[in-house]
Amino acid sequence: MSGKNVTEVRLADAEGIAKAARILESGGLVAVPTETVYGLAARADSAEAVARIYAAKGRPDFNPLIVHVAGVEQAAEYAEFSPEARALAEAHWPGPLTLVLPRRADAALAEAVTAGLPTIALRAPAHPVMQALLERLDFPLAAPSANRSGFISPTSAEHVLASLEGRIEMVLDAGPTSAGVESTIVAVRADGSVEELRPGPIQLGTRGGSLGIEAPGQLASHYAPGKPLRLNALAAEAGEFLIGFGAVAGDCTLSASDDLGEAASRLYAALHEAARAPHPRIAVATVPDEGVGRAINDRLRRAAA
Ligand code: AMP
Ligand code: MG
């Protein structure tokens, strides 16, 4: 921080991106747009910079970070890529798929990035601003969601400021994010099989849970709006702010036209709006548990926990 703890908000144009790159090079924190949610980025090869992410978020140190790279070539400096892992990266990168792979012994990254695990989570984001940053930097970016640990994820620069103003150097503002929920995370094991650790925008047809690999940060209570939240509501009860879906109209709606992609992109903005509303409680209509609806329901269950 440059003394006064002011967080600068910059438009994500060429000058804004250049300034963000300078801050990141010198070990600072910049909130950056991705196609999922805004990320809180720092250089992944610096122990000091990575420690600042954990401090700014109040994130428990056992919760590892996703390392963002320009593509497979850079990712292969840090992880062992089996043929199956390489095929997944080639099919879905750049995009909202995070691969958990064996960390290379010679990976020149801060130990805290992987929280002491023998594996590393890697993703090549599709957002043009994040791509432009990664292409001009000669290190990858550790970037969890740009919110205080446990709170609602940010899909706009305003959401970032609501949580982290004064705790980070800069927000690169590129408007609301498109996918709206965090990346799908899959672990690719030594035998080539794939296990989903977190549902997200990409559906691989694998279901998690059976074989015991854990995503350590996936705590039961997360995305907390700070008020009780009731699921599967058909109508608002007294004191409830209702988030609608489809035929269930609410104080706001995830999608009046039953569109799950639209619902995902609006989910966190709706939760932020509900959190700010005067109502003491929140209710949410039923969202079908298919496609990206699985990711929406995963986040809603944690918000309700
Ligand atoms: P966030 O960056 O807030 O979306 O959280 C990233 C999530 O990635 C963490 O909460 C973990 O669940 C998961 N993750 C990161 N690294 C690993 C890893 N090596 N093994 C399993 N899960 C991981
Ligand atoms: Mg998060």
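For this chain, numbers begin at 1 and follow the sequence in order. Counting convention: from 1, in listed order, for ligands and their atoms alike.
Counting atoms of ligand 1 from 1 in the listed order, those under 4.0 Å from a heavy atom of Ile66 are 6 (C), 8 (O). Short contacts between ligand 1 and Ile185, defined as distances under 4.0 Å to a heavy atom of the residue, involve ligand atoms 7 (C), 8 (O), 13 (C). Proximity to Arg198 (heavy-atom distance under 4.0 Å) selects the following atoms of ligand 1: 1 (P), 4 (O), 5 (O). Short contacts between ligand 1 and Ala121, defined as distances under 4.0 Å to a heavy atom of the residue, involve ligand atoms 15 (C), 16 (N), 17 (C). The distance from ligand 1 to the heavy atoms of Thr119 drops below 4.0 Å at these ligand atoms: 18 (C), 19 (N), 20 (N). Distances below 4.0 Å separate heavy atoms of Ser145 from the following atoms of ligand 1: 2 (O), 3 (O). Residue-ligand proximity, Leu117 to ligand 1, at heavy-atom distances under 4.0 Å covers atoms 18 (C), 19 (N), 20 (N).
Here the side chain of Arg167 pairs a donor or acceptor atom with the backbone of Ala55 at under 3.5 angstrom. Not one N or O on the side chain of Lys57 forms a donor-acceptor pair closer than 3.5 Å with the backbone of Ala146. Side-chain atoms of Tyr38 never come within 3.5 Å of backbone atoms of Asn147 as a donor-acceptor pair (strictly under, hydrogens ignored).
The option with the heavy atom closest to atom 9 (C) of ligand 1, from among Leu197, Leu65, Asn63, Val181, is Asn63.
In this model, no donor atom of one side chain and acceptor atom of the other lie less than 3.5 Å apart for Ser257 and Asp259.
A pairwise comparison of heavy atoms in Leu172 and Leu133 identifies CD1-CD1, 4.2 Å as the closest pair. Counting all heavy atoms, side chain and backbone alike, Gly166 lies closest to Thr7 at N-OG1, 2.7 Å. For Val50 against Ala112, the heavy-atom pair with the smallest separation is CG1-CB, 3.9 Å.
At least one N/O/S atom of Ser145, whether from backbone or side chain, sits less than 2.8 Å from the Mg ion (ligand 2).
Annotation: Glu182 places no N or O atom under 3.5 Å from an N or O atom of ligand 1; distance criterion only.
Within the 4.0 Å heavy-atom shell around ligand 1 one finds Arg59.
The CD atom of Glu196 sits 6.5 Å away from the OG1 atom of Thr184 when rounded to the nearest 0.5 Å.
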